[in-house]
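Contents: one structure, followed by commentary.
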Amino acid sequence: MDCVFCKIVDGQIPSKIIYEDEELIAFDDLDPQAPIHFLVIPKKHIQSLETLDEADSELIGKIFLAIRKIAHDKGIADSGYRIVNNIGEDGGQTVPHMHFHVLGDRSLQWPPG
Ligand code: 5GP
Ligand code: ZN
């Protein structure tokens, strides 16, 4: 499949993987928007939250728990961090493989642009 993130899962495109289990991987974003900026993705191709199957609902819980674990490991849990999921064109999604951005280690503004 011609999907950048599937290629990262397969190791065809190199990335700095910071967490991996049976169903998920997390890796540093290529174009970081904060001192800490990583992405958490399911290994299986799901285009976005909009195409998520009912049977995948547990996967979302696992993604959020993995995010919390990594945030603790990286030492940003106390100061705080942000989780972002872009969906579709207006949502600013550029890679059509569901991913959760995690940004931290700086004060983030709200609302975003
Ligand atoms: P989106 O705009 O779809 O929510 O976010 C896609 C993110 O993936 C962007 O922040 C972009 O920097 C990141 N990205 C795109 N291609 C690659 C890649 O090949 N490797 C890594 N590590 N990140 C990528
Ligand atoms: Zn994919």
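Just the heavy atoms: all of them, side chains too, but no hydrogens, waters or symmetry mates, feed the values below. Atoms within each ligand, like the ligands themselves, are counted from 1 in listed order.
In this structure a side-chain-to-backbone donor-acceptor pair under 3.5 Å is present from Q33 to D31. H97 contributes a side-chain N or O that, together with a main-chain N or O of P42, makes up a donor-acceptor pair within less than 3.5 Å.
What sits closest to atom 20 (N) of ligand 1 on the protein, heavy atoms only, is I8 CD1, 3.6 Å. In terms of protein heavy atoms, atom 18 (C) of ligand 1 is closest to L30 CD2, 3.8 Å. V4 CG1, 4.0 Å is the protein heavy atom nearest to atom 16 (N) of ligand 1. Among all non-hydrogen protein atoms, the one lying nearest atom 3 (O) of ligand 1 is T94 N, 2.6 Å. Among all non-hydrogen protein atoms, the one lying nearest atom 10 (O) of ligand 1 is D29 OD2, 2.5 Å.
The part of N86 lying near ligand 1 is the side chain, judged by heavy-atom distances below 4.0 Å. With a 4.0 Å heavy-atom cut-off, ligand 1 is reached by the side chain of F5 but not by its N, CA, C or O. Of the heavy atoms in H101, only side-chain atoms (C-beta onward) come closer than 4.0 Å to ligand 1. Contact annotation: for H99 versus ligand 1, heavy atoms closer than 4.0 Å belong to the side chain alone.
Using cut-offs of 30° and 60° for the angle between ring planes, the H37 and H101 rings count as tilted.
Considering backbone and side-chain N/O atoms, S15 never comes within less than 3.5 Å of an N/O atom of ligand 1. Some N or O of V95 is nearer than 3.5 Å to an N or O of ligand 1, by distance alone. Checked by distance only, ligand 1 and D28 come closer than 3.5 Å through their nitrogen or oxygen atoms. Considering both main-chain and side-chain atoms, G92 comes within under 3.5 Å of ligand 1 through a nitrogen or oxygen pair.
Close approach of ligand 1 to L39 (heavy-atom distance below 4.0 Å) involves ligand atoms 8 (O). Atoms of ligand 1 found under 4.0 Å from any heavy atom of D31, numbered from 1 in the order shown, are 12 (O). Contact atoms of ligand 1 toward Q93: 3 (O) (distance under 4.0 Å to a heavy atom of the residue).
Contacts classified as salt bridge (charged side-chain N to carboxylate O under 4.0 Å, His left out) and involving residues 80-102 (residues at least two apart or in different chains) are not found.
To the nearest 0.5 Å, atom CD1 of residue I25 and atom OG of residue S15 are 5.5 Å apart. Interatomic distance, L59 CG to F64 CZ, rounded to the nearest 0.5 Å: 11.0 Å.
Taking the Zn ion (ligand 2) as reference, H45 places its N/O/S atom ND1 nearest. Summary: ND1 is the N/O/S atom of H97 found nearest to the Zn ion (ligand 2).
Ring pair F27/F5: centre-to-centre distance below 6.0 Å.
Not a single heavy atom of Q33 sits closer than 4.0 Å to an atom of ligand 1. Within the 4.0 Å heavy-atom cutoff, V84 does not count among the residues contacting ligand 1. Not a single heavy atom of N85 sits under 4.0 Å from any atom of ligand 1.
There is a path of hydrophobic side-chain contacts, each under 4.5 Å, that joins I67 to M98. Under the 4.5 Å side-chain heavy-atom criterion for ILVMFWY residues, a single connected hydrophobic cluster contains both I83 and L52.
Across I60 and F100, no two heavy atoms sit closer than the pair CD1-CZ, 4.1 Å. Nearest heavy-atom pair across P96 and Q93 is CA-NE2, 3.6 Å.
For the side-chain contact (heavy atoms from CB on, under 4.5 Å) with V9, the qualifying choice from K44, K43, E20 is K43, the only one to do so.
Remark: D78 CG is loosely packed, at most 12 non-hydrogen atoms of other residues, nucleotides or ligands lying under 6.0 Å away.
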